[in-house]
Amino acid sequence: MSGHRILVVQHEDQCPPAWFGEWLTAAGHDLDVRRPYDSDALPADLSGHAGLLVLGGTMNAYDDEAFPWLTDVKRLAAEAAATGVPALGICLGHQLFTVGLGGSVVRNPRGQQLGLTPTGWRPGVEEDPLFREVGRPPRAVQWNNDIVEHLPAGAEALATTEDGDVQVARFAPTVWGVQMHPEADEHVVAPWAA
């Protein structure tokens with residue numbers, strides 16, 4: 001599946017596609033990176049795109065008034081779920097997919113999740129079409145204040161923390177969200193830490 005145009009929504013300079021950008025480009029895909037915080041418009045729909053990647057950011061999933069493009073991202077997530085366009089939401093993207101598809105997100109009552117943390121893969125995840133192909137890392141970078149409170153109807157948690165917080169979810173047959181940051185290398189994480 002090479003040579004496809006992938007829509008990438010980047011919410012902040014410090015949250016680039018990083019490794020995902022490299023992997024998708026190496027696989028022959030064309031990245032259409034939109035930076036709405038820098039006045040890039042998001043498309044009205046996903047026609048012309050074979051996939052959707054929504055990255056992280058410091059805002060929360062309900063900050064539509066301050067960051068109006070978040071409403072469009074939620075709409076695009078719902079379109080992907082309805083039409084079978086492959087989509088992945090990372091951190092804020094995961095939370096936007098949750099809200100856009102009818103679930104809810106809250107501030108983590110246990111405080112910020114931060115650092116390299118264990119991934120609590122649930123039984124049966126090896127049958128998931130995405131994670132069967134890409135593998136299941138035992139640990140991942142977490143850097144978030146908010147968590148999924150309730151998954152949308154029909155969504156399935158594929159990994160959870162020891163406290164039961166959703167780390168990975170499949171929202172629809174071709175739509176996934178990950179609370180962790182699999183895209184983040186040391187060049188991405190270092191400015192966050194600073």
Side-chain angles (χ1 to χ4, degrees), residues 6-25 27 29 31-37 42 46 49 51-63 67 69-70 72-74 76-78 80-81 85-101 103 105 108 112-117 119-121 125 128 130-131 133-137 139-148 151-152 155-161 165-172 174-192:
I6 310 297
L7 175 63
V8 179
V9 180
Q10 180 176 333
H11 300 285
E12 297 177 330
D13 280 337
Q14 291 188 333
C15 298
W19 277 337
F20 262 90
E22 293 175 24
W23 296 330
L24 289 168
T25 302
H29 300 296
L31 301 186
D32 178 10
V33 180
R34 304 286 179 104
R35 297 173 180 88
Y37 62 92
L42 294 181
L46 291 172
H49 293 93
L52 171 65
L53 174 64
V54 179
L55 302 169
T58 55
M59 61 284 294
N60 77 41
Y62 300 105
D63 279 345
F67 307 98
W69 70 83
L70 299 181
D72 294 330
V73 173
K74 294 172 198 173
L76 291 170
V85 171
L88 177 67
I90 295 175
C91 195
L92 173 62
H94 166 69
Q95 297 163 11
L96 290 168
F97 284 17
T98 297
V99 173
L101 294 168
V105 171
N108 188 341
Q112 186 179 47
Q113 292 179 331
L114 182 65
L116 192 60
T117 60
T119 308
W121 295 105
V125 70
D128 180 81
L130 176 62
F131 292 100
E133 293 296 319
V134 300
R136 297 170 299 282
R139 292 173 306 286
V141 173
Q142 297 274 148
W143 203 293
N144 60 285
N145 294 307
D146 298 338
I147 56 172
V148 170
L151 282 170
E156 178 183 3
L158 301 178
T160 57
T161 66
D165 301 331
V166 177
Q167 291 176 305
V168 179
R170 183 176 55 241
F171 296 106
T174 61
V175 179
W176 293 266
V178 295
Q179 186 60 70
M180 71 251 319
H181 285 276
E183 84 291 5
D185 60 18
E186 66 275 14
H187 303 292
V188 172
V189 174
W192 297 353

What are the two closest non-hydrogen atoms of [X] and [Y], and how far apart are they?
| X | Y | result |
| --- | --- | --- |
| G56 | C91 | CA-CB, 4.3 Å |
| Q10 | P36 | O-CD, 3.4 Å |
| V54 | G93 | CG1-CA, 3.5 Å |
| M180 | I90 | O-CG2, 3.4 Å |
| A80 | V175 | C-CG2, 3.9 Å |

Say you draw a straight line from [atom1] of [X] to [atom2] of [Y]; how long is it, rounded to the nearest 0.5 Å?
| X | Y | atom1 | atom2 | answer |
| --- | --- | --- | --- | --- |
| L130 | T174 | CG | OG1 | 10.5 Å |
| F97 | L88 | CZ | CG | 7.0 Å |
| L96 | H11 | CG | NE2 | 5.5 Å |
| E156 | D128 | CD | CG | 7.5 Å |
| N108 | I147 | CG | CD1 | 4.0 Å |
| D13 | Y37 | CG | OH | 3.5 Å |

**OP:** For the residue pair F20 and W23, categorise the inter-ring angle as parallel (less than 30°), tilted (30 to 60°) or perpendicular (more than 60°).
**Re:** perpendicular

Any side-chain heavy-atom pair from [X] and [Y] closer than 4.5 angstrom?
| X | Y | answer |
| --- | --- | --- |
| L31 | L24 | yes |
| P17 | L55 | yes |
| L53 | V9 | no |
| W69 | R35 | no |
| L92 | M59 | yes |
| L52 | I6 | no |
| Q179 | V166 | no |
| L46 | L7 | yes |

Subject >> Q167 side-chain N/O to G120 backbone N/O, donor-acceptor pair under 3.5 Å >> reply: yes

**OP:** Answer yes or no: is there a donor N or O on one side and an acceptor on the other, between the side chain of K74 and the main chain of T98, under 3.5 Å?
**Re:** no

List for me each residue that meets salt bridge (charged side-chain N to carboxylate O under 4.0 Å, His left out) alongside [X], sequence neighbours excluded, and say none if there are none.
| X | answer |
| --- | --- |
| R34 | D32 |
| D146 | R107 |
| E12 | none |

Original post:
How about F131 and W121: are their ring centroids closer than 6.0 Å?
Top reply: yes

Original post:
Where do L70 and Y62 land on the side chain to side chain contact (heavy atoms under 4.5 Å, CB included) test, with the steps shown first?
Top reply: CA-CA 8 Å; L70 299 181; Y62 300 105; over 6 Å; no

